[in-house]
Asks: 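Dumping the structure here so I can ask a few things about it.
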Amino acid sequence: MNLLHYLILSMLLFVIGAVGFIVKKNVISVFLCLELMLNAANLSFVAFSRHLNQAHGQIFVFFVMVVAAAEAAVGLAITIVLFRNRNTLNVDDADTMKW
Amino acid sequence: MMETALFYLFGGIALLAAINVVTQKRVFYSAISLIVCLCAVSALYLILEAPFIAAVQIIVYAGAIMVLFLFVIMLLDPFSAALLRDKKKSLRYAAIALGAIVLVLLVPLLNTYSLSRTPRNPEMIGGGAGSVSHLGQMLFSEYLLPFEMTSVLILVAIIGVVVLSKRRP
Amino acid sequence: MSGYLWLIPLIPLAGAAVNGLAGKRFPKAVISLIACGAAGVSFFLASIAFFDLLKLAPEQRHLLQGYFTWIASGDFVAQAEFLLDPLSGVMLLIVTGVGFIIHVYSIGYMHAEDGYYRFFSYMNLFLFSMLTLVLAGNFLLMFVGWEGVGLCSYLLIGYYFDRRSAGDAGKKAFIVNRIGDIGFVLGIFLIFLTFHSLNFGEVFRQIAEGTQRFPVEAGLGVLTAIGLLLFVGATGKSAQIPLYVWLPDAMEGPTPVSALIHAATMVTAGVYMVVRCSPIFSRAPLALHVVMIVGILTALMAATIGLVQTDIKRVLAYSTVSQLGYMFVAAGVGAFSAGIFHLMTHAFFKALLFLGAGSVIHAMGGEQDLMRMGGLRKHTPVTFWTMLVAALAISGIFPLAGFFSKDEILWSAWSQGHPLVWLFGLITAGFTAFYMFRLIFLAFGGEGRYSEEVRHHLHESPPSMTVPLVLLGVLSITGGFVGLPAWLGANRFFRFLEPSLAFTLNSEPAESSHAVEFGFAAISVVAALAGIGLAYRMYISNPKSAEELASRWKRIHRVLLGKYYVDELYDAAIIKPTLNASTNVLWKRMDAGFIDGAVNGVGQTIRNFAGILKNVQNGLIRSYATWILLGTAAVLLYVYVFLRGY
């Protein structure tokens, strides 16, 4: 399978994730879409890694996953605190940093 | 041949699951769909001769991160079907439009990548670029510093999470 | 010698500064001492300067003293320089002499006023400005003095600032003056454009030597234009038609102010200026004709108004306008020295008349209406006799001062070929005699028409006021002798002024037989006596006849009393439309609407724009994410469109 197919797939997943990030109202849904985007990027890395027959892409995927894990943990902690204070999971309700 | 079929199969699953993540009303089902998607992607990694990554994907991503998500979802009203109100409806259409544009714009650029594949290197240690031993070698030689930094990162994350979610008296 | 010339104006300036800044705390005696002392010293120095001038031979009597370069910009250079020649010497003596006398008079007249120090400060400031005007060696410095006297006139007319009418009168004077000044300034510009210098000597020399460039002009040439423009300024300052309307209103000021500024000195600045510029005027017959016509019309018109006025100061004000007209007539027929001669004698008797009127007002406790006076000769004898002398002088009775000067003018009008002007001048002289003696008879003759309480108040003025009256009376009697006409053997005044008129054409008076001159002089005296006799008939022997005459010619009487309704005409035709346009168009539409609107509009536009722009920061995460996605799309678009080639 040549590279292009994987890249297109990766692109599609990424755009779906991006659109979902903007469209979804629940904070946790937004996080899920974020993970989706990261995954799409990972797929792209691995595809290139196989295509160029190098391991660097996969190493990078490794690091991406570590960071994604850390970020998911902290993000969910923030979500919990947010829920504790505002009692809402609507992303639009966290809008006080504005004009 | 086999590869193509498998690619289409798992690629399709991944795509459908992704679409489901975005369109599901209830966040619980979105999370489940995402797990499915991650598993499909892991299968794709296998097809792409990256066994370690595939395994890590299942163990860490689908196994740890998503479970964490599910914990939190369960904690915070998982089955709420309450239609959360939308402060800016126009964003929905803007997002879809922009997504389409980005998609359309990316496709021609990708045409340049009809390169031929670099052949395998038979002298590689432990069989293939994606094998565990090769990756391990690289992690502990070339990428040693980042590797150690990630442990620090995780430590920081743990501390952060603990501090954040403490209940203030 | 002329090294101390600068002291003559500067000492009054110092007096003004001291009195103005610190005078509030000084006792009245100190203030008077400073002010009158300054005036006196100035007079003393002026006399010395004058005598020093006499020591020189006639051709050399032209001393230009430069002090510093005031403006040097490109090729425009203006010096601060004083010019002492016969013309300015005569003016110098008049201004400082009469000025000093009036300062002394004011000590008594103003003694009860609160703003005593302010009055004397302004009076000294006026002396400074007038002396600058007179001594100036170039047009620019003269203009400085010109404006300065206008300012002091405003300050002094509005001296009783708590009276609305006084403030209005001051403003009127200043504004009407300003209108005239436009002409003056334009004239100065034109002079500079034509001659590239503003120095008197320089300009006049260029005119005299450049007979090709500056011939006697037939119609409207450069010199005529300059002359007319300068004359506009003169009509403003010297209260001629059409800018005389401020002078009667200026009587709101204290009487010494009326005497000094609006009789003897400031209003004569216009005449002085025209005579100084005689080289220009003598080569611009059209301008001279205009001057003459305006002069005689003003003289006649003002005299007719003065016939029926009841306020003692108003009569004198219109009389001043009328006499100024005579001076311009003199200039207009080419008899420049006669004009200055009349200026001098007029200063004496008009100042005396005003100061005497002040004495009368002082005696009557503030009453100014002639109809409520009468029989004052018993109570204020010195005032009576001195005013009688002045009235005789102004009427032109031989051998008092006014006779010689007025007669000179009338004779010049006839001999230079303007018989109609002579006739009008004669009629005006008759009117002058009439209304002047009407004033005398109404105020001093007959029986008193005042109330009991005024009667108790009646007293002769203190010596500080009566001595100046007597002094001026003496001058009114003897002042004429310096200018005895040719048929009496002299013509000294003209000879004396001749060096100042060196560049003037045709300044020599016409030659003719002495008998003819004598005949004309006799005619003028007869006219004057007729006027006096008529006044006697109407106001002494047959008092009712005045009222009967008034009721028979009611409409004419009303027009005269209403000053030909000129003020009302100006108000309707000029002032109201200007105010209207100013308020509705300039203020409301342009300033508030347009300019403020534009400025505010810019602010409002920015505010609106910012109002729209601020919505970008709406706090919604999703919105920010959309912007990021938009940015991505933009970058991709850019790459796609512009960088396809790679």
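Proteins get letters first, then strands, A, B, ... in listed order; numbering begins at 1 in each.
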Asks: Hey, which of C:L620, C:N618, C:I621 is the one that makes side chain to side chain contact (heavy atoms under 4.5 Å, CB included) with A:D92?
Replies: C:L620

Asks: Minimum heavy-atom separation for C:R622 to A:V91, with atom names?
Replies: CD-CG1, 3.2 Å

Asks: Quick one: OH on C:Y624 to CD1 on A:I22, what's the gap to the nearest 0.5 Å?
Replies: 14.0 Å

Asks: Evaluate whether atom OH of C:Y154 has more than 12 neighbouring non-hydrogen atoms of other residues, nucleotides or ligands under 6.0 angstrom away.
Replies: no

Asks: Can you establish whether the number of heavy atoms outside C:F161 located under 6.0 Å from its atom CZ is more than 12?
Replies: no

Asks: Around atom CZ of C:F594, are there more than 12 heavy atoms from other residues, nucleotides or ligands closer than 6.0 Å?
Replies: no

Asks: If you count every heavy atom of other residues, nucleotides or ligands that lies below 6.0 Å from A:F14 atom CZ, does the total exceed 12?
Replies: no

